[in-house]
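Just so you know, ligand 1 is whichever comes first in the structure, and atom 1 is the first atom listed for that ligand.
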Amino acid sequence: DKGNHRHFMAKEIYEQPETIGHTLSHYVDMGTERVAIREALPFNFADLSRLTISACGTAYLAGAVAKYWFERYARLPVDIDVASEFRYREPPLEKNGLSLFISQSGETADTLAALRYCASQGQHVAALVNTLESTIARESDVVFPILCGPEIGVASTKALTAQLTALASLAIAAGRARGVLSAEQETDMVQALIGLPTAVSAALGTEDQIMEIAKRLSKAKDVLYLGRGPMFPIAMEGALKLKEISYIHAEGYAAGELKHGPIALVDEAMPVIVVAPSDELVDKTLSNMQEVAARGGKIILITDAQGAETVGQGVADVILIPHVSSFVAPILATIPVQLLAYHTAVFMGTDVDQPRNLAKSVTVE
Ligand code: M6R
C-alpha cells in the first residue's frame, strides 16, 4: 500500500524518520543514552584484528561510510569491497577477523558467495540484513537486523538509512570495547543518533525546492556528484540513485580527485552536486567547488547553515539541511540525494519503482 504517495519509493523516503527511530530503539538504550547490543556476540570487539565488509550496490555504500566510523571511532582497521570483486580475489584474511555482509534482501548471490568464502577461512561471520529469514542471515554467526520494514521500490532508500543507523551503533559499541570512546563521547554520539528522526523530517522539508532543481536536472545528460570523507559514499549513492531511476548518466567522485581527471568534463551543461555539510573537511570540499564554479560549472550544494555562510559566488542552488554532528551527517545528507533522484525520475516519466533492467533482489551473479 503506497498510502498517499505516488510511488513506493516516495513512501519509503518519507518513512525514514520512523524507520530510523525504529532501528535505533533496537540498538540504543534510550534511558541511559548508551548503545546496547542485544545480539550475543561470538567475538569480542576488543580482540578483532580487522573488519572486512562485503556488499553490493547501495549496501556497499553503507559499508563505505561505516569504514570511516569504525576506523575513526573504534580504531579498527576496515577493508571493504564490492562482493563481486572480493569473492574472486580470494584475499588472505587475518586471524580473529570479523567479516560483515550487508544486504537488504539477504539473498544477493555475490554477497552470499563472499560470505561462504570468509566462513571457509575461519572468519567470524556477521550479517546486517532486513530479512531475517534470508540465506545470508541463516549462514551467519550473528545477525544484526535493520528493522525498516519491507522495502518495495527497487531503489533502496530506507534500508540505507537503517543500515547506517545500525552500523553507527555498532561502531560506537566497538569504540567502547576497544577503549577509544569515553562514556561522555558515547553519550554525545548516541544523542546525535536520537536527534536524527527530527533532523530527517526537517530535511524532507527541502522537497519543494528540490522539485524545482529536479526539473532542470532532468534536462542534463551527465551529472557529477562530489563529496569528501564519509560524504564521498553519499555522493556515489546520489549518482547511483539518479542513474538507476532517471537513466541519466551520473558519477560520484571524491572531491579531491576532481583535479586528477573529471574536472575536464566541467562545462555549463553538466550540473555538479556537492555534498558538503559543515565538518572538519568542508573548507577543502568548498574550495574544490570553487574550481568547478570558475569553469562555468552549475553547482548544486547540499550543506547546512554553517557551510552556506562560507560559500562564495557561482553556486546555482544551496539545499539547506539542519546542522547535526559530523558523525551522523552522512545519514542526514542521504535525504536530499534521494529526493533529487526521485523527482528527476518523476519529471522524466520513468517507472520509478520498477526501473528497466533491474531486479529488487539480485540472486544471480
Ligand atoms: O539486497 P541487497 O542489499 O543485497 O541489494 C544490493 C543491491 O542490489 C542494491 O542495493 C541495489 O544497488 C539497489 N537497487 C540500489 O538502489
Side-chain angles (χ1 to χ4, degrees), residues 7-13 15-16 19 23 53-66 80-87 99-116 118 125-140 143-167 225 233-248 250-252 334-342 344-345 350-365:
H7 300 100
F8 280 107
M9 184 180 177
K11 172 174 177 262
E12 289 159 2
I13 289 174
E15 272 171 3
Q16 290 175 108
T19 50
T23 309
I53 307 177
S54 308
C56 301
T58 289
Y60 163 77
L61 296 172
V65 173
I80 168 151
D81 209 340
V82 289
S84 55
E85 286 299 317
F86 177 88
R87 61 177 289 196
S99 298
L100 174 67
F101 303 90
I102 308 172
S103 176
Q104 188 284 129
S105 63
E107 299 295 345
T108 300
D110 283 320
T111 309
L112 177 60
L115 181 158
R116 288 178 176 158
C118 290
V125 174
L128 182 65
V129 296
N130 199 23
T131 315
L132 293 173
E133 319 68 55
S134 59
T135 314
I136 287 174
R138 269 202 315 273
E139 296 195 16
S140 297
V143 181
F144 299 111
I146 63 167
L147 303 157
C148 69
E151 190 181 62
I152 310 294
V154 164
S156 186
T157 53
K158 65 175 180 174
L160 172 60
T161 49
Q163 285 158 351
L164 289 172
T165 302
L167 288 163
Y225 287 73
I234 303 305
M236 290 200 282
E237 168 65 4
L240 173 58
K241 283 288 98 84
L242 192 73
K243 281 186 270 221
E244 199 173 15
I245 59 172
S246 76
Y247 315 146
I248 294 173
E251 297 282 344
T334 304
I335 305 301
V337 302
Q338 293 173 343
L339 286 173
L340 270 170
Y342 174 72
T344 305
T350 57
D351 188 347
V352 171
D353 284 334
Q354 196 51 257
R356 68 187 183 201
N357 310 339
L358 289 172
K360 181 68 184 159
S361 178
V362 184
T363 53
V364 292
E365 11 180 304

> Heavy atoms, side chains only, cut-off 4.5 Å: are Cys148 and Asn130 in contact?
Replying inline: yes
> With backbone taken as N, CA, C and O and side chain as the heavy atoms from C-beta onward, which portion of Lys241 lies under 4.0 Å from ligand 1: side chain, backbone, both, or neither?
Replying inline: side chain
> What residue and heavy atom of the protein are closest to atom 7 (C) of ligand 1, and at what distance?
Replying inline: Cys56 O, 3.6 Å
>> Check this for me - ligand 1, Thr111, N or O atoms closer than 3.5 angstrom, yes or no?
In response: no
> Do the side chains of Lys360 and Gln104 get nearer than 4.5 Å, heavy atoms only?
Replying inline: yes
> Hey, is ligand 1 close enough to Val154 that some N/O pair sits below 3.5 Å?
Replying inline: yes
> Which residue holds the protein heavy atom closest to atom 10 (O) of ligand 1, what is that atom called, and what is the gap in Å?
Replying inline: Thr58 N, 3.1 Å
>> Could you identify the single nearest non-hydrogen protein atom to atom 13 (C) of ligand 1 and state the distance to 0.1 Å?
In response: Glu244 OE2, 3.3 Å
>> Using a 4.0 Å cutoff against the non-hydrogen atoms of Ala155, which atoms of ligand 1 qualify?
In response: 16 (O)
>> I'd like to check which ligand 1 atoms, numbered from 1 as shown, lie under 4.0 Å from a non-hydrogen atom of Ala59.
In response: 3 (O), 10 (O)
> Do the charged groups of Glu139 and Arg116 touch, with an N to O distance under 4.0 Å?
Replying inline: yes
>> As a quick check of understanding, evaluate side-chain hydrogen bond (donor to acceptor under 3.5 Å, both in side chains) for Thr135 and Glu107, giving each step before the final call.
In response: CA-CA 6 Å; Thr135 314; Glu107 299 295 345; 2.6 Å; yes
> Any idea which atoms of ligand 1 are less than 4.0 Å away from a heavy-atom of Ser103?
Replying inline: 1 (O), 2 (P), 3 (O), 4 (O)
> Which of these, Thr111, Ile136, Thr108, sits in a side-chain contact (heavy atoms from CB on, under 4.5 Å) with Val129?
Replying inline: Ile136
>> Show the atoms of ligand 1 that are less than 4.0 angstrom away from any heavy atom in Ser156.
In response: 15 (C), 16 (O)
>> In the structure I gave you, are the side-chain heavy atoms of Glu251 and Met236 within less than 4.5 Å of one another anywhere?
In response: no
> atom 8 (O) of ligand 1: which protein heavy atom is closest, and how many Å away?
Replying inline: Val362 CG2, 4.1 Å
>> What protein heavy atom lies closest to atom 5 (O) of ligand 1? Include the residue and the distance to one decimal.
In response: Thr108 OG1, 3.6 Å
> Hey, are Asp351 and Arg356 close enough for a salt bridge, meaning a charged N less than 4.0 Å from a carboxylate O?
Replying inline: no
> Does the pair Arg138/Glu133 count as a salt bridge with the N-to-O cut at 4.0 Å?
Replying inline: no
> Within a strict 4.5 Å, meaning less than it, do heavy atoms of the Glu237 and Thr58 side chains meet?
Replying inline: yes
> To the nearest 0.1 Å, how far is atom 3 (O) of ligand 1 from its closest protein heavy atom, and which atom is that?
Replying inline: Gln104 N, 2.6 Å
> What protein heavy atom is closest to atom 1 (O) of ligand 1, reported as residue, atom name and distance in Å?
Replying inline: Ser105 OG, 2.7 Å
